Amino acid sequence: MGFISDSLNRIQPSATIAISNKAMQLKAEGRDVIGLAAGEPDFDTPDNIKEAAIKAIRSGKTKYTPVDGIPELKKAICDKFKRENGLEYKPSQVSVGTGGKQVLFNALMATVNPGDEVIVPAPYWVSYPDIVMLAGGTPVFVEGKLENGFKLQASDLEKAITPKTKWLILNSPSNPSGAAYSRAELKALTDVLVKHPNVWVLSDDMYEHLVYDDFEFTTPAQVEPKLYDRTLTMNGVSKSYCMTGWRIGYGAGPEQLIKAMAKLQSQSTSNPSSIAQWAAVEALNGPQDFIASNNEVFKERRDLVVSMLNQASGLSCPTPEGAFYVYPSCLGCIGKTAPTGNVIRNDEDFVTELLASEGVAAVHGAAFGMSPFFRISYATATEVLEDACKRIQRFCGNLR
Ligand SMILES: Cc1ncc(COP(=O)(O)O)c(C=O)c1O
């Protein structure tokens, strides 16, 4: 019998973190590497948010807080849901965790029993299947095809639901594809869910504010009020407010679930950082206009990257509605030979050879459950992106 637990042996380390670390290591060794693997905005946290944190430190807000969030932050979250999503939640229906990841982790660990199934549309954010497996559950993958803009179709959802289905995880806009569901597309899915009262919905709205071209964001509990009593609407300040390092995420849903999540958190990390919670109060209650100006930059970068990748031979890159990722297909490069003499058999080979030949770090689609694709994060300075896309074009052009 090994020392490491069976539950830990069921899961893999995060592929995106591994590739970002590899890119950083190569850079530290002096290699000319452009890292496009990390999922965080390059913009700094706005000053008013930093000041709120400094004020919190100076005024002694440096002690333990209630396990799942200070009342001021829970109120700011309730106000946000009302203001932006038309959703009414009481503070007792809100849970604050150390990042969105902990909120998801708590929700799944608190509810999934061995044998339970969780529907995970692919391509998916890397952590969903592993958290489900850690809890002893079975992720059930349903592919959102390229021709459907990487989105789950109602008929495929219907087919995937069994008596063992506990949750459907929906993530719009999506990491890794950037795809976002319109109200009508969400309604088609919620119509299926209404017929299956035992299936809960975990809506990961982390990229809510990062949508382009007048796309109107909606979330399942808003689209179908009948699902309100079995939906956890999850969000956080990491991406929209450029606060990835502060580690604040939150979720709102039925009290019974929120209490169970707090019980788990009380025996693991306890409260999220008191200082970061006060910063998040300011993020949610303070000025929001910087989000629109950041989005203008993100949209320009998205258009640049999509256009340049579509000019690379063998690549095909759809235009996503949101987030800061593109998910091009590299089908046209499979079977070709790289300058190193190695044959590109799959998307993992593609990103390995790209890093070796041109020093561009991207993440292979297999890590997100859908091949042959790769993910590029365009949350990087525009001139760096331009350079990276030129390198990708050169790499593809040199394949034989
Ligand atoms: C889809 C999605 N959900 C949740 C998270 C977790 O966010 P946080 O950094 O707040 O834990 C991420 C971060 O990459 C994400 O991409």
Side-chain angles (χ1 to χ4, degrees), residues 14-24 26-27 32-43 122-126 146 149-150 171 173-180 207 210 212 239 244 295 297-334 344 346-397 399:
S14 162
T16 44
I17 294 178
I19 292 163
S20 299
N21 287 349
K22 169 108 202 232
M24 273 193 266
L26 289 173
K27 240 185 208 169
D32 169 23
V33 169
I34 303 179
L36 302 180
E40 63 179 345
D42 52 322
F43 303 122
Y124 48 73
W125 181 49
V126 287
L146 172 64
F150 300 113
N171 172 219
S174 150
N175 177 3
S177 70
Y207 296 90
L210 305 178
Y212 315 112
K239 315 284 174 168
T244 45
N295 281 2
V297 179
F298 280 140
K299 182 190 144 39
E300 263 173 39
R301 291 175 181 172
R302 178 201 64 173
D303 293 343
L304 172 82
V305 170
V306 168
S307 155
M308 288 187 77
L309 292 182
N310 276 322
Q311 290 168 46
S313 70
L315 301 187
S316 161
C317 185
T319 304
E321 292 91 349
F324 39 63
Y325 307 105
V326 292
Y327 200 62
S329 161
C330 55
L331 184 62
C333 301
I334 305 298
I344 296 178
N346 51 38
D347 51 26
E348 187 161 7
D349 289 347
F350 180 88
V351 297
T352 305
E353 293 300 325
L354 176 63
L355 184 59
S357 301
E358 294 287 349
V360 175
V363 187
H364 51 294
F368 308 103
M370 201 166 146
S371 295
F373 294 87
F374 64 103
R375 187 193 79 174
I376 277 183
S377 161
Y378 56 82
T380 291
T382 310
E383 54 285 5
V384 175
L385 280 173
E386 209 165 342
D387 181 9
C389 289
K390 279 190 191 142
R391 295 186 193 198
I392 295 172
Q393 287 177 347
R394 190 166 57 211
F395 174 72
C396 292
L399 297 179

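Not measured: the values here are computed from a predicted model. Values reported hereafter were calculated over all heavy atoms of this structure, with side chains retained and with hydrogens, waters and symmetry mates removed.
Summarising the geometry, atom CZ belonging to Arg302 is positioned 12.0 Å from atom CG belonging to Leu210; distances are rounded to the nearest 0.5 Å. Remark: Asp303 CG to Phe298 CZ distance equals 13.5 Å, nearest 0.5 Å.
For the pairing with Glu358, the side-chain hydrogen bond (donor to acceptor under 3.5 Å, both in side chains) check across Gln393, Arg391, Arg394 returns one residue only, Arg394. Checked options Pro318, Cys317, Cys389; the residue passing with Val306 is Cys317 (criterion: side-chain contact (heavy atoms from CB on, under 4.5 Å)).
Nearest heavy-atom pair across Ser177 and Pro123 is CB-CG, 4.1 Å. Across all non-hydrogen atoms, the minimal contact from Val363 to Ala37 is CG2-CB, 3.7 Å. Considering every non-hydrogen atom in both Gly35 and Ala23, the closest pair reads CA-CB, 4.4 Å. The shortest non-hydrogen separation linking Leu36 to Leu385 is CD2-CD2, 4.0 Å. Of all heavy-atom pairs between Phe150 and Ala179, the closest is CB-CB, 4.3 Å. Of all non-hydrogen atoms in Ile19 and Ala361, the two that sit nearest each other are CG2-CB, 4.4 Å.
When only modelled atom types and interatomic distance are considered, Gln311 and Ser307 share a side-chain donor-acceptor pair under 3.5 Å.
Distance alone, capped at 3.5 Å, places no donor-acceptor pair between the Arg375 side chain and the Tyr325 backbone. No donor-acceptor pair closer than 3.5 Å links the side chain of Tyr327 to the backbone N or O of Leu146. The backbone N or O of Ala323 sits less than 3.5 Å from a side-chain atom of Tyr212, completing a donor-acceptor pair. Between the side chain of Asp347 and the backbone N or O of Phe373, at least one donor-acceptor pair lies under 3.5 Å. Counting only distance, with no hydrogens or angles, the side chain of Ser377 and the backbone of Gly39 share no donor-acceptor pair below 3.5 Å.
Ring geometry, Phe324 versus Tyr378: the interplanar angle exceeds 60°, so the pair is classed perpendicular (tilted spans 30 to 60°).
Contact check for His364 versus Thr352: no side-chain heavy atoms found under the 4.5 Å cut-off. Residues Pro372 and Leu331 have side chains in contact (heavy-atom distance under 4.5 Å, counting atoms from C-beta outward).
Checked against side-chain contact (heavy atoms from CB on, under 4.5 Å), Leu315 has the following partners two or more places apart in sequence or in another chain: Leu309, Ala312, Cys330, Cys333, Phe350, Phe374, Ile392, Cys396. Legend: residues meeting salt bridge (Lys or Arg N to Asp or Glu O under 4.0 Å) with Arg301, ordered by chain and number and at least two apart, are Asp42.
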Would you sort out whether Ile344 and Glu353 count as a side-chain contact (heavy atoms from CB on, under 4.5 Å), showing the intermediate values?
CA-CA 8 Å; Ile344 296 178; Glu353 293 300 325; 4.3 Å; yes
For a side-chain contact (heavy atoms from CB on, under 4.5 Å) check, start with the C-alpha distance between Val360 and Asp387, then their side-chain angles and the critical distance, and finish with the verdict.
CA-CA 10 Å; Val360 175; Asp387 181 9; over 6 Å; no
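Within a 6.0 Å sphere centred on NZ of Lys22, heavy atoms belonging to other residues, nucleotides or ligands number 12 at most.
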